[in-house]
Engineer: 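Okay, here's the structure, questions in a sec.
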Amino acid sequence: MSQFGRVKQWNTFARCWHLFDATWQNPLQCSPLIEKYLKGLHKPIYHPFVDCGDHVVIMNSKQIAFPGEEWRRRVYFHHTGYSGGASWTPAWELHEKDPTMIFRKAVYHYMKGNLFRRVVMERLHIYPDSNVPEEIMENITNQIQPLRPIPKTLDSYSNEEIEKYPKIIDYPQDYLLSK
Amino acid sequence: MLSLRTTNCVLKVLKTARNEQSFHRWLAPTLRELKRRKDSQGPEKPVHRKSFLEWNYDSEIYAFSKRLGEDFNNDLLLKAFTERSYIIDEEEKQKSVGIEQPTLNLIDNKELVAKGSEFIDDIVKRYLRTVLPRLPEEGIIELHKYLTSVETLSHVSYHIGTPELILCADFPVEKLTMANVLKSIIAALIESSGENRAAIFVRDFILTQIADKDLLQFWDLQHPIKLLSDILARDNIQSPEPRLVGCSGKNTILACFRVGLYTPHNKQIIGLGVGETVDIAHEMAAIDGLRQLFGTPENILFPYNLELEQLCASTDKNLSVNEWSQKNLPVQPTNFELHQVKMTSSC
């Protein structure tokens with residue numbers, strides 16, 4: 001192989017690093033998207049036996065969102081292997097113990113179980129908040145667009161913005177809004 | 001006393017006991033034993049096709065020329081296939097039988113090899129200089145060296161089916177012999193159908209060997225960065241400025257850097273290279289820049305329809321690397337124009 005051919009192959013199989021902000025995202029709906037990048041399904045050279053997957057760094061995994069009653073109803077099963085060792089942990093409890101666990105399990109369970117699954121999972125880096133180590137941040141070259149827009153909460157409006165907001169009516173002086 | 005029913009049962013059992021199996025019990029052990037004996041003899045030695053009963057050398061020689069679509073003089077072709085070692089071997093055989101003065105109506109191909117070798121050298125160099133007018137002479141020489149090496153010629157020779165037809169002492173046929181026979185076949189073609197036809201043969205069989213190759217891999221460029229800046233300096237362009245265009249996985253073992261070379265005066269990119277370190281990527285970018293200058297891009301298409309009269313003269317030579325610059329380049333038609341000329345003339 002010529003010197004040029006060698007670097008061309010190196011460039012083709014170079015691993016990219018993608019950043020994904022999990023704030024207000026449903027991990028169950030995000031896992032197909034994350035899996036695509038982890039396995040390299042978005043690349044034209046993809047083949048199941050070709051090791052061409054990318055790295056994905058997920059930040060703010062503590063801020064994930066579940067719809068409806070999911071935090072209480074979704075239960076994670078674990079068995080120690082001994083008799084009576086079964087345990088069922090609700091999602092909210094698991095999330096309190098380890099804020100990265102729900103996202104990791106969502107991606108892991110979405111992927112088809114084969115010998116490559118654990119290898120692919122090694123390329124997923126999850127951080128509970130936005131404090132991603134500097135050496136990891138330096139690798140990143142792409143950001144994955146979140147599935148849902150992040151809504152602006154009432155708390156995040158400053159007093160100044162609230163003052164400026166157009167009002168339909170003026171409350172009377174003695175009208176009590178809150179205690 | 002046995003009842004009729006019991007007799008029937010016994011007979012049935014006896015019957016099944018007589019023609020027991022539907023297969024031969026001796027077959028598998030025999031095959032196994034035969035396999036064991038065959039393995040113990042070691043791998044089978046290659047056998048020349050001529051040792052087979054229905055081998056007809058004359059018709060094979062005739063078929064060879066027809067297969068290539070050429071009209072060879074049969075005597076010349078026979079001469080081209082005859083190696084000196086074969087004649088010596090045959091004479092010794094005759095002597096061992098008792099013939100004092102062995103007579104063989106065979107002439108070896110020594111003259112043809114010399115003639116063919118000279119012709120191939122000439123055509124290959126002329127073709128390369130015609131289609132690659134911007135490539136420096138050093139590159140042309142390296143490409144020529146690759147195309148006329150024993151390795152390449154024997155590869156071509158092997159795949160047009162010479163090894164079984166060659167009359168030589170060595171078996172399996174050595175690479176050098178196969179390369180020599182190809183040269184002598186071309187010389188035989190010159191004498192049979194003329195130089196034009198032989199030039200087309202060289203073009204179709206030997207020059208096509210570089211069709212899908214990276215041309216600069218044959219020419220080991222020492223210090224490409226310095227070479228590029230030297231060449232640009234002759235055109236009064238300042239040495240190019242390297243910039244990191246992109247990188248992925250910077251802190252990992254699989255890091256990949258992409259470096260672009262920009263000219264300082266008009267900020268144009270002249271070369272793009274990738275590599276596992278910035279230095280390698282910089283060097284590859286310089287090689288890419290040279291590739292653009294020398295007119296040998298990665299996806300180059302050679303005009304494989306040129307004939308002898310369209311090639312440049314043997315005395316013409318490309319510029320040397322040491323004096324290469326855009327200004328000094330002779331005005332010559334490029335590949336594409338040559339291709340167009342041929343296309344329009346054939347229509």
Side-chain angles (χ1 to χ4, degrees), chain A residues 1-20 34 36-47 49-59 116 119-127 130-145, chain B residues 139 142-143 146 209-225 227-228 244-261 271-294 296-300:
Chain A
M1 190 189 279
S2 72
Q3 203 186 4
F4 181 69
R6 186 184 66 82
V7 291
K8 202 163 71 172
Q9 198 205 12
W10 186 267
N11 190 34
T12 309
F13 285 94
R15 290 198 199 283
C16 294
W17 286 63
H18 306 271
L19 182 68
F20 185 75
I34 303 294
K36 187 177 84 175
Y37 288 97
L38 282 179
K39 284 189 174 173
L41 292 164
H42 61 301
K43 297 184 181 183
I45 55 167
Y46 173 77
H47 183 271
F49 299 161
V50 170
D51 187 15
C52 64
D54 288 344
H55 289 260
V56 177
V57 178
I58 294 171
M59 61 188 233
F116 293 114
V119 180
V120 171
M121 282 302 288
E122 288 298 304
R123 286 188 227 119
L124 182 67
H125 313 271
I126 307 178
Y127 295 93
S130 53
N131 294 332
V132 183
E134 195 53 39
E135 57 181 56
I136 299 271
M137 272 317 254
E138 280 174 356
N139 291 333
I140 287 164
T141 48
N142 182 37
Q143 185 176 5
I144 303 171
Q145 196 183 7
Chain B
E142 293 296 323
L143 270 178
Y146 167 73
Q209 295 301 312
I210 50 165
D212 58 343
K213 303 250 173 22
D214 174 23
L215 295 186
L216 288 192
Q217 72 175 303
F218 304 115
W219 182 19
D220 190 19
L221 286 167
Q222 304 291 335
H223 315 299
I225 302 166
L227 182 63
L228 181 65
L244 195 59
V245 178
C247 68
S248 71
K250 195 177 141 196
N251 292 333
T252 62
I253 198 167
L254 291 172
C256 182
F257 296 92
R258 194 180 293 175
V259 169
L261 287 179
L272 185 67
V274 289
E276 56 267 46
T277 62
V278 178
D279 292 337
I280 292 174
H282 187 186
E283 202 163 281
M284 293 315 295
I287 291 178
D288 188 46
L290 290 172
R291 194 192 296 278
Q292 305 291 334
L293 286 178
F294 295 159
T296 53
E298 191 200 344
N299 54 355
I300 186 167

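Order of the sequence lines sets the chain letters (A, B, ...), proteins ahead of strands, with each chain counted from 1.
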Engineer: For the residue pair B:Asn251 and A:Glu138, confirm or rule out a side-chain donor-acceptor distance under 3.5 Å.
Structural biologist: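 Present: a donor and an acceptor within the cut-off.
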Engineer: Should we say atom CZ of B:Arg258 is surrounded by more than 12 heavy atoms from elsewhere, each under 6.0 Å from it?
Structural biologist: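 Not buried by this count: 12 neighbours or fewer within 6.0 Å.
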Engineer: Check whether any side-chain heavy atom of A:Tyr127 lies under 4.5 Å from a side-chain heavy atom of A:Ile136, and answer yes or no.
Structural biologist: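 When only atoms from C-beta onward are counted, A:Ile136 and A:Tyr127 do touch, with a gap below 4.5 Å.
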Engineer: Counting C-beta onward and ignoring hydrogens, is there a side-chain heavy-atom pair between A:Trp17 and A:Asn142 closer than 4.5 Å?
Structural biologist: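 No. Closest side-chain heavy atoms not under 4.5 Å.
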Engineer: Specify which of B:Ser248, B:Gly275, B:Cys256 makes the most heavy-atom pairs with chain A at under 4.5 Å.
Structural biologist: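 Among B:Ser248, B:Gly275, B:Cys256, the one with the most close pairs to chain A is B:Cys256.
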Engineer: Would you say the side chain of A:Val132 lies within less than 4.5 Å of the side chain of A:Val57, judging by non-hydrogen atoms?
Structural biologist: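 Yes - at least one pair of side-chain heavy atoms lies under 4.5 Å apart.
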Engineer: Which region of B:Ile287, side chain (C-beta onward) or backbone (N, CA, C, O), has a non-hydrogen atom less than 4.5 Å from a non-hydrogen atom of chain A, or is it both or neither?
Structural biologist: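 Only the side chain of B:Ile287 comes within 4.5 Å of chain A.
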Engineer: Give, as side chain, backbone, both or neither, the part of B:Ile253 having an atom under 4.5 angstrom from any heavy atom of chain A.
Structural biologist: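 For B:Ile253, backbone heavy atoms alone lie under 4.5 Å from chain A.
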Engineer: So what's closer than 4.5 Å to chain A heavy atoms on B:Leu216: side chain, backbone, both or neither?
Structural biologist: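 Interface part for B:Leu216: neither.
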Engineer: For B:Ala281, is it the side chain, the backbone, both, or neither that has a heavy atom closer than 4.5 Å to a heavy atom of chain A?
Structural biologist: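 For B:Ala281, neither part sits under 4.5 Å from chain A.
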Engineer: Do A:His18 and A:His55 pair up side chain to side chain, a donor and an acceptor below 3.5 Å, judged on atom types alone?
Structural biologist: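 Side chains of A:His18 and A:His55: no pair found under 3.5 Å.
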Engineer: Check whether more than 12 heavy atoms from other residues, nucleotides or ligands sit under 6.0 Å from atom NE2 of A:His42, and answer yes or no.
Structural biologist: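 Yes, enclosed.
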Engineer: In terms of heavy-atom pairs under 4.5 Å, which option from B:Gly246, B:Gly249, B:Gly273 contacts chain A the most?
Structural biologist: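 Sorted descending by pairs with chain A, the first entry is B:Gly249.
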Engineer: Under 30°, 30 to 60°, or over 60°: which ring-plane class applies to B:Tyr146 and B:Phe218, parallel, tilted or perpendicular?
Structural biologist: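 Ring orientation of B:Tyr146 relative to B:Phe218: parallel.
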Engineer: When only heavy atoms count and the cut-off is under 4.5 Å, which of residues 5-15 of chain A reach chain B?
Structural biologist: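 Counting heavy atoms that sit under 4.5 Å from chain B, the residues of residues 5-15 of chain A involved are A:Arg6, A:Val7, A:Lys8, A:Trp10, A:Asn11, A:Ala14, A:Arg15.
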Engineer: Does A:Lys43 come within less than 4.0 Å of A:Asp54, counting only side-chain N to carboxylate O?
Structural biologist: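 So A:Lys43 pairs with A:Asp54 through a salt bridge.
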